[in-house]
Amino acid sequence: MWSIDDIGEQTGRVALVTGARGGIGLEVARALAGRGATVVTPGRAELDLGDLASVRAFAGGFPHERLDLLVNNAGVMIPPFGLTADGFETQIGVNHLGHFALTGLLLDRLLATPGSRVVTVSSNGHKRGAIDLADLHFARRRYVPMTGYAQSKLANLLFAAGLQRRLAAAGAPVRSLAAHPGAARTGLMRHSPLHFRIVVHRRTKWLFSWLIQDPLPAALPILRAATDPDPAMYYGPGGWGEFTGRPVPVRPAPAVSDPAAQDALWAESERLTGVVFPTPPCR
């Protein structure tokens, strides 16, 4: 029955939350700031995850020497086909590659901050995903919005697990964790055909309360991953189908635990972004 009241004191900690100008990210930022953390919440004009030049500029100008918590939360869901400034399919580009680059460029600050964490936000939809390294950007296969979304969310978890494996092998004082919010009533669903009925229309959205929750309860799995003293690797809602409910440890798809899959995506992500992660110093 973990709740927002279980968040410990955060005074003195510096947190960066992407996509925090609304929805789930805003609730994560509010909760951390309410416990005393200094929370950086860049808007798209300051940090555009669909533009690697913007990511590099933001990371290079990050105003704090320490970084206790990086929450890779921003994302897009099932939009029409599009490309980022760097020519990546929008969902893999923003949801995964932008955050991969941001994490790598800020890793030195995380490594210099004992007890720091990276929390990458995925989706239960990752279980429908498959990584097509030969055609990540749908240049040859037909673009299906949900296929692209599921691929990007599986990439989020492969990255989180691969980063944790590397950090643990080096004995680095950083944890890489993941969480998913279940189904949340936010603008992320604006491209969904059900958006009006279950998110906007006040007369009918109560019918779907078992299936979709407001942003604050949806933020709790992320907050638990960010602050629990003894965290699990992956959190999600504990209700039916992991759509709603209190945050509990949940199981990712078996593919997430495959080191070969982690490494293959990692190598391709470094190639595409040009960001090579610094080697953590061994203890």
Going by atom types only, do [X] and [Y] share a side-chain donor-acceptor pair under 3.5 Å?
X	Y	answer
His96	Ser269	yes
Thr18	Asn72	no
Thr38	His64	no
Ser54	Asp48	no

Give, for atom [atom1] of [X] and atom [atom2] of [Y], the distance between the pair rounded to the nearest 0.5 Å.
X	Y	atom1	atom2	answer
Arg128	Lys153	CZ	NZ	14.5 Å
His126	Ser152	NE2	OG	12.0 Å
Gln262	Ile131	CD	CD1	11.5 Å
Gln10	Leu69	CD	CG	7.5 Å
Asn95	Leu154	CG	CG	12.5 Å
Phe138	Thr90	CZ	OG1	11.0 Å

Spell out, yes or no, whether [X] and [Y] are grouped together once hydrophobic residues are joined by side-chain heavy atoms under 4.5 Å, including indirect joins.
X	Y	result
Leu16	Val55	yes
Val121	Leu32	yes
Ile92	Ile78	no
Trp2	Tyr235	no
Leu105	Phe88	no

Which heavy atom in [X] sits nearest to a heavy atom in [Y], and how many Å separate them?
X	Y	answer
Gly104	Pro278	O-CD, 3.8 Å
Ser122	Pro181	O-CD, 3.7 Å
Val94	Gly75	CG1-CA, 4.3 Å
Pro145	Gln91	O-NE2, 3.0 Å
Ile4	Arg35	O-NH2, 2.9 Å
Pro259	Ser257	CD-O, 3.1 Å

Please examine the side chains of [Y] and [X], heavy atoms only from C-beta on, and report whether any two atoms are closer than 4.5 Å.
X	Y	result
Pro231	Arg224	no
Leu265	Leu133	yes
Leu67	Phe62	yes
Glu89	Leu136	no
Thr103	Leu70	yes
Leu102	Leu47	yes
Pro237	Gln213	yes
Arg66	Arg109	no

Can Asp132 and Gln151 be said to form a side-chain contact (heavy atoms from CB on, under 4.5 Å), step by step? CA-CA 8 Å; Asp132 186 346; Gln151 175 181 249; 4.0 Å; yes
Before accepting this row, confirm whether a basic side-chain N of the pair Arg117/Asp68 lies closer than 4.0 Å to the acidic partner's carboxylate O. no
With the threshold set at 4.0 Å, does a side-chain nitrogen-carboxylate oxygen contact exist between Asp263 and Arg166? yes
Check whether [X] reaches the backbone of [Y] with its side chain - one donor and one acceptor, N or O, closer than 3.5 Å.
X	Y	value
Asn73	Gly19	yes
Ser176	Ala160	yes
Asp51	Ala53	yes
Glu27	Ile24	no
Gln164	Met233	no
Arg140	Ala134	yes

Who are the salt bridge (Lys or Arg N to Asp or Glu O under 4.0 Å) partners of Glu242, not counting sequence neighbours? Lys127
Report the C-alpha separation of Leu111 and Thr113 in whole Å, then their side-chain angles, then the decisive distance to 0.1 Å, and conclude whether the side-chain contact (heavy atoms from CB on, under 4.5 Å) test is met. CA-CA 5 Å; Leu111 289 168; Thr113 309; over 6 Å; no
Assess whether side-chain contact (heavy atoms from CB on, under 4.5 Å) is satisfied between Phe81 and Val144, documenting all intermediate values. CA-CA 8 Å; Phe81 180 76; Val144 178; over 6 Å; no
Surrounding [atom1] of [X] (heavy atoms of other residues, nucleotides or ligands, distance under 6.0 Å), is the total greater than 12?
X	atom1	result
Glu9	CD	yes
Arg141	CZ	yes
Arg165	CZ	yes

Evaluate side-chain contact (heavy atoms from CB on, under 4.5 Å) for His137 paired with Leu272, printing each intermediate quantity in order. CA-CA 11 Å; His137 312 296; Leu272 290 171; 3.9 Å; yes
Within residues 252-273 or reaching into it, pairs that qualify as ring pair (Phe, Tyr, Trp, His ring centres under 6.0 Å) - sequence neighbours excluded: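 Ring pair (Phe, Tyr, Trp, His ring centres under 6.0 Å) check on residues 252-273 returns Phe100-Trp266, Phe159-Trp266, Trp266-Phe277.
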